[in-house]
There are 2 protein chains.
Amino acid sequence: MIVIVTNPPTSELPVLRRVVRSSTIDLIADQLRNAIYSGSLEPGQSINEVRTAELLVVSRPSLREALQRLISEGVMTHAPGRGVHVSRMRASDIDDVYAVREAIESQAVRLIIRHGRSVHRISTALTELERAIEDNVARTIGDADLTFHHALVASSGSVRLSDLMKVSMVHTRLLSLSDERGYEVRCDLIDSHRELAEAVAAGEESRSLTVLARIMAEAASRLHDPEDGLEARVVRGREGEASVDDQWLRLRESSQ
Amino acid sequence: MIVIVTNPPTSELPVLRRVVRSSTIDLIADQLRNAIYSGSLEPGQSINEVRTAELLVVSRPSLREALQRLISEGVMTHAPGRGVHVSRMRASDIDDVYAVREAIESQAVRLIIRHGRSVHRISTALTELERAIEDNVARTIGDADLTFHHALVASSGSVRLSDLMKVSMVHTRLLSLSDERGYEVRCDLIDSHRELAEAVAAGEESRSLTVLARIMAEAASRLHDPEDGLEARVVRGREGEASVDDQWLRLRESSQ
DNA sequence: CATATAACGTTGTCAGACAGTGTGACATTC
DNA sequence: GAATGTCACACTGTCTGACAACGTTATATG
């Protein structure tokens with residue numbers, strides 16, 4: 001029984017937010033997704049159901065349900081009889097993932113310009129990216145990079161695009177993590193990103209899309225052949241603390 | 001143990017295709033997805049776990065795992081304590097779904113032109129669409145329309161885009177089905193679709209994208225307000241047999 | 001060394017259980 | 001009679017336990 005006491009009694013009801021109850025499955029999936037994004041779970045690593053369930057203090061059925069979410073996202077892979085593994089990306093996945101990202105982000109740019117959305121979050125993310133590059137830590141730069149691109153998509157106002165972007169971020173991370181050469185990141189990405197942000201802010205659609213395409217192509221080609229841009233200074237790192245807010249990659253609450 | 005008997009023994013191995021074993025979960029999810037696409041399961045309809053599991057002759061845990069797939073696709077919705085329902089689309093979803101479709105299909109166009117992919121499947125699908133329009137059955141036209149758009153994306157050669165498109169097809173169908181005015185389809189869509197196919201075949205990127213954007217905008221606006229294009233002849237229908245091949249909406253085998 | 005066999009761990013699937021929650025019918029109160 | 005309280009029922013959310021099928025590794029065998 002909930003009693004709402006207001007004083008004076010004739011006043012408006014206090015502002016009550018809708019109670020959100022995340023399902024256990026959501027929580028488990030979030031944990032696993034973040035573990036992958038942060039590198040705690042490596043590509044190819046197989047998930048022992050009993051052990052993992054114990055670790056998360058949930059039952060095996062609950063864990064299995066959560067795994068289906070990640071499988072459907074393409075973040076984990078099911079091999080019949082052999083269980084579930086963290087997806088390992090191959091060379092052929094590089095272009096595919098970046099094709100999806102170009103799809104999502106191009107559309108985001110179009111929507112932002114079409115509807116004149118605020119680009120505030122984008123500029124903020126750009127500043128963060130600049131700071132991260134000064135720190136010169138591969139993982140930090142990678143995080144800031146993806147955060148920037150997510151800010152772009154979030155600014156579009158499309159819930160579905162934003163959700164897809166979150167999944168694509170994990171895919172992108174998996175591309176880096178699946179490369180035996182280790183995590184690596186380009187330092188000169190700030191110029192193109194600044195140009196993108198400017199073009200979007202200025203409402204220049206076709207220039208934005210051109211720059212975006214170039215960013216995607218460069219990122220993909222760097223993964224294909226890291227020695228590609230010889231003059232580009234590069235930061236490498238095998239590990240490094242992930243600076244991910246736990247809530248960050250949570251997908252939209254599934255309840256209506 | 002697999003023994004391959006060849007005669008003569010020195011000859012080439014017979015062509016053996018990799019054995020694909022779809023997991024039970026895949027099969028259940030496919031069934032449910034197709035049931036939604038074909039209209040057997042209506043938007044808002046809730047899934048009684050016990051009854052549905054009995055119907056499919058699987059256990060409740062297996063069904064629940066499959067439901068997680070569909071929830072993650074956005075095709076079903078979870079309401080805590082109230083179980084799982086077929087997603088019901090609202091007016092605000094119309095633009096969102098079509099934004100995603102424009103994202104996917106625009107990128108497909110770019111990829112096809114960039115890599116000079118064959119447009120054979122697209123022309124075939126266009127012919128099918130013409131035939132469907134002659135039949136003048138709302139559902140058939142709707143199917144052929146979506147099949148055309150999927151052919152476009154499949155031609156891009158991107159597995160991920162193609163998967164996303166399949167999900168978006170179900171979303172699109174849900175938009176129509178969620179509308180209490182019933183299923184309805186425009187007859188004049190053939191012209192714009194033919195123009196799109198031609199532009200793509202001719203490698204004219206910017207014209208293709210323009211036409212595509214127009215197609216999406218028109219489809220969305222028709223859902224927002226069916227009386228919009230007064231001069232456009234329209235076929236309406238509340239039901240109608242779905243002409244979907246059972247295999248059609250199967251997502252990529254999840255095993256690597 | 002290659003092959004067969006055995007042993008073990010793990011997955012795939014199920015039945016059963018039970019507390020928590022939602023829902024609708026009915027009674028009650030002001 | 002509208003709002004509130006009560007009760008019973010149905011269903012979900014989650015867990016335990018079980019077991020056959022499958023994979024994998026170690027061991028034995030020719």
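Values in this document were obtained by computation on a predicted structure and should not be read as measured data. The chains referred to below are lettered A, B, ... by the order of the sequence lines, with proteins before strands, and numbering in each begins at 1.
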Taking only side-chain N and O atoms of [X], does any of them lie within less than 4.0 angstrom of OP1 or OP2 on [N]?
| X | N | answer |
| --- | --- | --- |
| A/H78 | C/dG12 | yes |
| B/R21 | D/dG23 | yes |
| B/R82 | D/dG13 | no |

Before giving the answer on side-chain hydrogen bond (donor to acceptor under 3.5 Å, both in side chains), spell out for A/H224 and A/D95 the whole-Å C-alpha distance, their side-chain angles and the decisive distance to 0.1 Å.
CA-CA 9 Å; A/H224 279 301; A/D95 290 334; 3.2 Å; yes
Taking only heavy atoms on the protein side, list every residue of residues 58-68 of chain A lying under 4.0 Å from any atom of DNA chain D, sorted numerically.
A/V58, A/S59, A/R60, A/P61, A/S62
Got a sec? Which of residues 46-55 of chain B come in under 4.0 Å of DNA chain D, heavy atoms?
B/I47, B/N48, B/E49
State which residues pass side chain to side chain donor-acceptor pair (under 3.5 Å) with B/E128; sequence neighbours excluded, sorted by chain then number.
none
Nearest-nucleotide wise, let me know which of A/I25 and A/G81 is further upstream toward the 5' end of DNA chain D.
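Upstream on the strand: A/I25.
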Considering only heavy atoms from C-beta outward, does the side chain of [X] approach that of [Y] to under 4.5 Å?
| X | Y | answer |
| --- | --- | --- |
| A/D143 | A/R173 | yes |
| A/L70 | A/R33 | yes |
| A/L67 | A/T52 | no |
| B/Q68 | B/H78 | no |

Looking at every heavy atom in both A/S155 and A/A151, which two are closest together, and how far apart are they?
OG-O, 2.7 Å
Over all heavy atoms of both residues, which pair between B/A154 and B/R121 is shortest? Give the atoms and the distance, please.
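The pair with the smallest heavy-atom distance is CB-NH1, 3.4 Å.
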